[in-house]
Amino acid sequence: MIPKIKFYQRNTLDVAQDLLGCFLVRKIGKKTFRGMITETEAYIGEDDLACHASKGRTPRTEMMYGDAGHAYVYMIYGMYHCLNIVTENKDYPAAVLIRGLASVREFKANKSEWEEIKDIKLDGPGKLCKFLKIDRKLNGWDITRGEKMWLEKGIKVRKSDIKSDKRIGIDYAKHCREYLWRFKIS
DNA sequence: TATACGATCACCT
DNA sequence: GGTGATCGTATAC
């Protein structure tokens with residue numbers, strides 16, 4: 001089942017945790033890949049100094065102010081891309097960074113089943129985007145449409161199986177770096 | 001126009 | 001633990 005916009009149009013911390021266990025599906029040409037989301041981070045509002053929108057509304061951050069359920073993809077360090085899902089109401093900038101996928105599979109049309117891909121670890125936002133060919137062409141993509149890239153409900157994750165932590169790589173964000181807005185399936 | 005730096009990763013010690 | 005690759009974006013001039 002593909003979640004509708006309402007699923008994303010909620011409190012970002014709730015969405016970030018509910019995305020754990022969901023499948024990210026990516027169709028590239030004839031190939032279709034799928035991975036289970038195991039790690040997310042929340043970036044919420046202009047007051048969150050780690051959030052790109054803390055600088056206000058700019059061409060870059062505009063997408064975060066848009067409709068929930070759309071992708072916010074940006075380039076970082078000149079070599080990697082990061083995939084985020086926009087949350088909350090329109091004009092309120094917030095998103096969930098997809099940091100890690102597990103049990104990556106490719107759909108085999110001839111057998112009509114999902115086959116595990118060996119020797120692949122998508123345990124980082126940059127690696128994940130590189131493998132799934134996610135770049136800025138997908139910035140603003142509506143992931144509720146079920147084309148090219150979308151999400152599907154996966155396994156149910158118990159609250160007790162979710163570990164919260166400080167976010168990664170945001171030492172510049174002053175007191176905001178202490179927020180436990182990183183979520184992982186433990 | 002110029003400059004500083006980052007929501008990362010691979011590789012080094 | 002630390003560093004370099006590499007370029008879009010924001011900010012300063």
Side-chain angles (χ1 to χ4, degrees), chain A residues 8-22 24 26 28 33 35-88 91-104 117-141 143 149 151 162-186:
Chain A
Y8 304 101
Q9 205 171 44
R10 296 182 292 138
N11 179 288
T12 307
L13 295 177
D14 289 334
V15 177
Q17 291 172 80
D18 290 346
L19 283 176
L20 296 175
C22 286
L24 174 65
R26 171 80 170 117
I28 308 165
F33 297 99
M36 189 185 73
I37 297 171
T38 54
E39 189 180 341
T40 60
E41 278 180 8
Y43 291 87
I44 311 172
E46 295 176 350
D47 294 333
D48 175 8
L49 297 177
C51 182
H52 291 161
S54 63
K55 308 270 189 201
R57 216 190 252 249
T58 68
R60 183 200 197 192
T61 60
E62 184 62 32
M63 197 50 60
M64 283 216 274
Y65 290 81
D67 277 320
H70 288 239
Y72 166 46
V73 183
Y74 64 91
M75 171 167 267
I76 188 165
Y77 302 114
M79 39 182 22
Y80 295 106
H81 295 271
C82 289
L83 170 66
N84 299 250
I85 311 297
V86 177
T87 60
E88 312 256 1
D91 294 320
Y92 185 86
V96 176
L97 170 67
I98 309 299
R99 287 191 61 86
L101 301 179
S103 61
V104 184
I117 302 173
K118 303 279 181 218
D119 306 318
I120 189 122
K121 259 192 143 181
L122 300 184
D123 56 345
K127 286 195 250 181
L128 182 160
C129 287
K130 191 177 172 196
F131 180 81
L132 295 176
K133 297 198 190 333
I134 296 168
D135 60 26
R136 293 174 338 149
K137 289 199 286 289
L138 283 166
N139 191 32
W141 189 255
I143 62 159
M149 178 172 77
L151 260 88
I162 297 175
K163 203 170 123 192
S164 54
D165 237 318
K166 292 180 188 174
R167 291 173 292 178
I168 302 288
I170 53 155
D171 286 352
Y172 58 87
K174 297 183 183 168
H175 62 281
C176 297
R177 70 183 157 193
E178 305 299 328
Y179 298 167
L180 301 177
W181 287 358
R182 178 185 182 209
F183 303 101
K184 231 179 155 172
I185 299 178
S186 58

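Here is how names work: the chains are called A, B, and so on, in the same order as the sequence lines, proteins then strands, and each is numbered from 1.
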Query raised in the report: Reckon A/I170 touches a base, only the sugar-phosphate, or nothing at all at heavy-atom distances under 4.0 Å?
Result: sugar-phosphate
Next on the checklist: Within the 4.0 Å heavy-atom criterion, would you say A/G78 contacts the bases, only the backbone, or no part of the nucleic acid?
Outcome noted: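 Counting heavy atoms under 4.0 Å across all strands, the contact made by A/G78 includes a base.
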Could you state the atom-to-atom distance from [atom1] of [X] to [atom2] of [N] in whole Å?
| X | N | atom1 | atom2 | result |
| --- | --- | --- | --- | --- |
| A/H81 | B/dC9 | NE2 | P | 13 Å |
| A/D171 | B/dC5 | CG | P | 14 Å |
| A/I98 | B/dT8 | CD1 | P | 14 Å |
| A/M79 | C/dT3 | CE | C1' | 13 Å |
| A/K130 | C/dT6 | NZ | P | 12 Å |

Please report the shortest heavy-atom distance between [X] and [Y], naming the atom on each side.
| X | Y | value |
| --- | --- | --- |
| A/L49 | A/H175 | CD1-CE1, 4.1 Å |
| A/T38 | A/A102 | CG2-CB, 3.4 Å |
| A/P125 | A/C82 | CB-SG, 3.9 Å |

Are there over 12 heavy-atom neighbours, none belonging to A/D91, within less than 6.0 Å of that residue's CG? yes
ask   = Within 45° of the axis and under 6.0 Å from the centre of the six-membered ring of A/F131, does NZ or CZ of A/R26 qualify?
value =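 No; the conditions do not both hold, so A/R26 does not lie above the ring face of A/F131.
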Taking A/N139 for its side chain and A/V73 for its backbone only, find out whether a donor-acceptor pair lies under 3.5 Å.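 Such a contact is found between A/N139 side chain and A/V73 backbone.
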Under a 4.0 Å heavy-atom criterion, the protein footprint on nucleotides 8-13 of chain C, written with B, S and -, is SSSS--
Original post:
Using Watson-Crick pairs (N1 to N3, plus N6-O4 or O6-N4) and G-U wobble pairs, both distances under 3.5 Å, which stems of at least 3 pairs involve DNA chain C?
Top reply: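 For DNA chain C the paired stretches long enough to count as stems (3 pairs minimum) are B:1-6 with C:7-12, B:8-12 with C:1-5.
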**Request:** Enumerate the residue pairs fulfilling side chain to side chain donor-acceptor pair (under 3.5 Å) with a member in residues 62-71 of chain A, sequence neighbours excluded, ordered by first and then second residue.
**Result:**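 Of all non-adjacent pairs touching residues 62-71 of chain A, those that pass side chain to side chain donor-acceptor pair (under 3.5 Å) are A/E46-A/Y65, A/R57-A/E62.
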* Is any side-chain N of the basic residue among A/E41 and A/R99 closer than 4.0 Å to the acidic one's carboxylate O? -> yes
